[in-house]
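For reference, the structure discussed in these notes is given below.
Please read these numbers as outputs of a predicted model, since none were measured by experiment.
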Amino acid sequence: MGLTKQYLRYVASAVFGLIGSQKGNIVFVTLRGEKGRYVAVPACEHVFIWDLRKGEKILILRGLKQEVTCLCPSPDGLHLAVGYDDGSIRIFSLLSGEGNVTFNGHKAGITTLKYDQLGGRLASGSKDTDIIVWDVINESGLYRLKGHKDAITQALFLREKNLLVTSGKDTVVKWWDLDTQHCFKTMVGHRTEVWGLVLVSEEKRLITGASDSELRAWDITYLQEIEDLEEPKPKKIKGSSGIQDTLETEDGTLEMDEAPEDRILSCRKAGSIMREGRDRVVNLAVDKTGRILACHGTDSVLELFCVLSKEEIHKKMDKKMKKARKKAKLNSCKGVEEDPEINVEMTLQDEIQRVTNIKTSAKIKSFDLIHSPQGELKAVFLLQNNLVELYSFSPSLPTPQPVRTSRITIGGHRSDVRTLSFSSDNIAVLSASADSVKIWNRSTLQCIRTMTCEYALCSFFVPGDRQVIIGTKTGKLQLYDLASGNLLETIDAHDGALWSMSLSPDQRGFVTGGADKSVKFWDFELVKDENSTQKRLSVKQTRTLQLDEDVLYVSYSPNQKLLAVSLLDCTVKIFYVDTLKFFLSLYGHKLPVICMDISYDGALIATGSADRNVKIWGLDFGDCHKSLFAHDDSVMYLQFVPKSHLFFTAGKDHKIKQWDADKFEHIQTLEGHHQEIWCLAVSPSGDYVVSSSHDKSLRLWERTREPLILEEEREMEREAEYEESVAKEDQPAVPGETQGDSYFAGKKTIETVKAAERIMEAIELYREETAKMKEHKAICKAAGKEVPLPTNPILMAYGNISPSAYVLEIFKGIRSSELEESLLVLPFSYVPDILKLFNEFMQLGSDVELICRCLFFLLRIHFGQITSNQMLVPVVEKLRETTMSKVSQVRDLIGFNMAGLDYLKRECEAKSEVMFFADATSHLEEKKRKRKKREKLILTFT
């Protein structure tokens, strides 16, 4: 067998040109002890941390493949929970930037994440209609709450009570008692999806936002409090009308409650606040103090309301009362008979006042609020056009005026990038969109120049890399100088869109093709500049080739003898450059050819079409060598790697693929973009590829020295497919559960399957080693002397440990969040051995908490089989005794430690009090000294 042809692997190097992607939400994060300066924004699969003051990216929290859909900082400000599109959650440390904890439980994208007040629990809601509560400290799932019929939109923990309130697209708001993990109340007072909810007024009021222009307010009354105060009860507690109590809500719909004994609180509609926006509420939030309420719709206006305190409401009502009395007095003077009783009704508008509106420069996707130490309120916005803006205002003023204090714009384009090109030295990258041209440094990924332009469709660096030329949608050629960033000249080249340009191989001119059915040839020339004495670069048209169809793409052959022109009639016509005579017609595509390229030696031409195929043709006779089904959607761009017959294609199916035009082989797929890819550019050296997509990101791919072998590549693809299929398989059945329902918080993934396999391998090794030990003892007995025992290499690698200790090491190595799922897929035949081992570990007192967790889980899921197995009865009996004694020992130890910590806390407090008094005394002494000095000075002056 001959040597296989070696290819070199391209790998993802960086994501740039993106400030924030639309799917997730922006949040303020605390970094280096500073609040209100740094924000975290989703950026495709990563999270970028931006410094608002400097406008710089200071940290990247790297994701894997899936897009980020939700962010939530922990209450202590040290961690950031990140939800992804595949339903996984990762918790990153903001100090190190590493994601150490992963939670897998949801089947679809995460829509909401919320920490409880202490940051020990995290609630996640998803498009799969489930809510899961996770234990952040133990890194495992606690329970799954099922009940909503559509995607969850918001979830909130209550501070004082162990309750959770959630809203969904199924138009209901549900209240959950987390002690018993059941839904005790469903509010059905909404006609449309509930998009957001917040708790204000010390959690006595709930405000919900739906698909209309009103924010509904609900008064919450906790029934224990009513009974304590012996006030008249707002609702009948002991229902005489059967078990179900139904209440009329505002819309005349019926509100259903569980059995009346289960009621924990009651909700009554207090009224509505009208928004100015007519569309749905997109985001609804309050600041940390619960005083400022903010919401926005699908437009660019954030509406701000102030929730007044009890004292402020009383003052307001007193003023109203005075006014009413004055009015009554005036009326009585005029002789109008008035009611002696003056009643002033308190409305919801008196309690929640409109403060101001903030108008941003584009549509708002998400926002976050924070109070600065100076008493100002800061609002940060992630906008639809790849932009972050920060506004601040002081809510204490009678008419607060929001001021834009900073914005992050330089790091990306406002719209999709439609054309990319490399400079001849591989260092500069040009990207152009509907409104601007940007030049990037490839090594630092910093934007060096930004120039405004018209809607760009094609571009290239003029030889010498000092100027660039852009072709626009209106048919103009725009010539820019890079040193000054000025537009030198605009030339009307075509009547329609200028779809394509190709630089001539002799570098003296170029050719353009447009929607006006013509191909035009241009030469570079130096003309006298009116403003200065020096000459400047310009272009002049030399020839025109008129055709019957719109021109979509043009390309010179490297020897400059032939010109390939792609037409709207799905053919590619080849002409001689010198005489413009027709040479060949390449037909065979079913839809127009959008992109094409000619190889460096002029032997091959590859064409990519909207019919998803790539065809490779010979340029000598125009014969089709091969037709490849390249992408699952239109092929948008195609380019050969310089000095080779390898080429890259980019498709609307979010993929970039590399092909071999000699062997017609698919070499590798570069996955990373989350939306359609519009264009790509290969550097002149072939070491770099840069691509742009509808997800607003630019991605840089780099050629490594690592050889790529096709058979291995196909094998890896098959493995990846298998791993994906494992996660999509049916979840393991649990006794006592209906199929399809999952009570546990986790889900089966390739990691849990691998963990279960590791446990099985460890148990098998333990069985083999114990059998060997028995044999060895028998041999020693027969021989009457000690025979050396061969040691297992795996046990040697772990430091010559015993087989049972190796099993314990494997259990310790399984991630806390994957433990239950791994034990769930474990066959029962391994359980008896595990129980015997657990008994050993318990007696030794090693890892009591972990062993208890595994033991109780196994007993729960294999209860029937364990209790019916006579062999296991004595084992379980022994386990019961040892477990109880060991657990009580651990509990005593924790109790002792807590008492010790309490003591230390009291000691510290006592010390700090002494310090405080000492400080106060010294402060007083200082004041006295200063006063004496002043008196002396006055005396001397007098």
Side-chain angles (χ1 to χ4, degrees), residues 21-25 42-47 63-72 81-91 99 101-114 122-134 140-156 164 166-174 176 183 193-197 280 282-283 365-366 653-654 671 673-675 695 720-721 723-732 737-753 817-818 820-821 824:
S21 45
Q22 313 298 309
K23 264 193 170 178
N25 58 314
C44 292
E45 69 271 31
H46 306 309
V47 176
L64 301 168
K65 268 187 182 177
Q66 299 294 332
E67 243 178 318
V68 174
T69 57
C70 191
L71 301 178
C72 180
V82 182
Y84 294 90
D85 205 24
D86 63 344
S88 62
I89 300 161
R90 288 176 77 194
I91 295 177
V101 184
T102 306
F103 294 138
N104 282 310
H106 290 290
K107 297 185 186 75
I110 303 293
T111 51
T112 179
L113 287 172
K114 275 290 179 301
L122 176 70
S124 63
S126 160
K127 286 181 184 168
D128 66 5
T129 77
D130 290 355
I131 299 122
I132 300 180
V133 179
W134 306 91
S140 64
L142 291 172
Y143 38 79
R144 187 186 289 264
L145 304 172
K146 288 175 162 297
H148 280 283
K149 299 278 185 288
D150 206 338
I152 311 296
T153 54
Q154 186 63 280
L156 297 172
L164 182 77
T166 58
S167 63
K169 281 194 188 177
D170 54 2
T171 77
V172 297
V173 173
K174 283 183 176 286
W176 308 84
C183 171
E193 296 101 330
V194 184
W195 289 102
L197 54 91
R280 77 173 179 91
V282 175
N283 282 311
K365 276 292 166 190
S366 68
D653 60 354
H654 318 172
E671 290 189 64
H673 282 293
H674 299 284
Q675 303 273 343
D695 62 16
E721 265 177 41
E723 288 185 9
E724 264 183 35
S725 69
V726 164
K728 285 175 186 164
E729 278 173 20
D730 283 341
Q731 296 295 320
E737 268 191 31
T738 53
Q739 188 61 33
D741 265 13
S742 173
Y743 165 75
F744 301 113
K747 71 168 183 184
K748 180 178 167 186
T749 61
I750 193 70
E751 279 81 20
T752 61
V753 172
S817 55
E818 291 162 5
E820 273 90 354
E821 284 297 321
L824 193 57

The criterion is side-chain hydrogen bond (donor to acceptor under 3.5 Å, both in side chains); which residues satisfy it with [X], sequence neighbours excluded?
| X | result |
| --- | --- |
| Lys174 | Thr186 |
| Thr171 | none |
| Ser140 | Asn138 |
| Ser21 | none |

Under 3.5 Å, side chain of Asp695 to main-chain N/O of His674, donor-acceptor pair present?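 Yes: the side chain of Asp695 pairs with the backbone of His674.
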Whether Thr69 side chain and Ile110 backbone form a donor-acceptor pair below 3.5 Å: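 Checked: pair present.
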Looking at residues at least two apart in the chain, or sitting in another chain, which of them share a side chain to side chain contact (heavy atoms under 4.5 Å, CB included) with [X]?
| X | result |
| --- | --- |
| Asp653 | His631, Asp632, Asp633, Lys655 |
| Ser366 | Asn25, Ile26, Asn283, Leu382 |
| Ala108 | Ser126, Lys127, Asp128 |
| Val282 | Arg280, His296, Thr298 |

For Asp85, salt bridge (Lys or Arg N to Asp or Glu O under 4.0 Å) partners two or more places apart: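 Expected list: Lys23.
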List in chain and number order the residues that pass salt bridge (Lys or Arg N to Asp or Glu O under 4.0 Å) with Glu45, two or more places apart in sequence or in another chain; answer none if no residue qualifies.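 Applying salt bridge (Lys or Arg N to Asp or Glu O under 4.0 Å) to Glu45 gives Arg699.
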Let's go through Ser124 and His106 carefully: what are the C-alpha distance in whole Å and the side-chain angles of both, what is the deciding distance for side chain to side chain contact (heavy atoms under 4.5 Å, CB included) to 0.1 Å, and is it a yes or a no? CA-CA 9 Å; Ser124 63; His106 290 290; 2.7 Å; yes
Looking only at heavy atoms, what is the nearest atom pair of [X] and [Y], with distance?
| X | Y | value |
| --- | --- | --- |
| Leu197 | Ser167 | CD2-CB, 3.1 Å |
| His46 | Val68 | O-CG2, 3.6 Å |
| Ile152 | Thr112 | CG2-CG2, 4.0 Å |

Could you walk me through whether Arg90 and Leu64 satisfy the side chain to side chain contact (heavy atoms under 4.5 Å, CB included) test, starting with their C-alpha distance in whole Å, then the side-chain angles of each, then the deciding distance to 0.1 Å, before giving a yes or no? CA-CA 11 Å; Arg90 288 176 77 194; Leu64 301 168; 3.9 Å; yes
Value rounded to 0.5 Å, distance of [atom1] in [X] from [atom2] in [Y]:
| X | Y | atom1 | atom2 | answer |
| --- | --- | --- | --- | --- |
| Thr129 | Asp150 | OG1 | CG | 8.0 Å |
| Lys107 | Asp130 | NZ | CG | 6.0 Å |
| Leu164 | Leu156 | CG | CG | 7.5 Å |
| Glu721 | Glu724 | CD | CD | 7.5 Å |
| Thr752 | Asn104 | OG1 | CG | 8.5 Å |

For Trp134, all residues meeting ring-ring contact (aromatic ring centres under 6.0 Å, His included), sequence neighbours excluded: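 Testing Trp134 for ring-ring contact (aromatic ring centres under 6.0 Å, His included), a comparison that skips the adjacent residues, returns Phe103.
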For a side-chain hydrogen bond (donor to acceptor under 3.5 Å, both in side chains) with Thr166, tell me which candidate from Lys114, Gln154, His148 qualifies.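 For Thr166, the side-chain hydrogen bond (donor to acceptor under 3.5 Å, both in side chains) test succeeds with only one of Lys114, Gln154, His148, which is His148.
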Would you check, one step at a time, whether the test side chain to side chain contact (heavy atoms under 4.5 Å, CB included) holds for Trp176 with Ile131? CA-CA 10 Å; Trp176 308 84; Ile131 299 122; 3.9 Å; yes
Taking C-beta and beyond as the side chain, do Ser817 and Val101 meet within less than 4.5 Å on heavy atoms?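 When only atoms from C-beta onward are counted, Val101 and Ser817 do not touch, as no gap falls below 4.5 Å.
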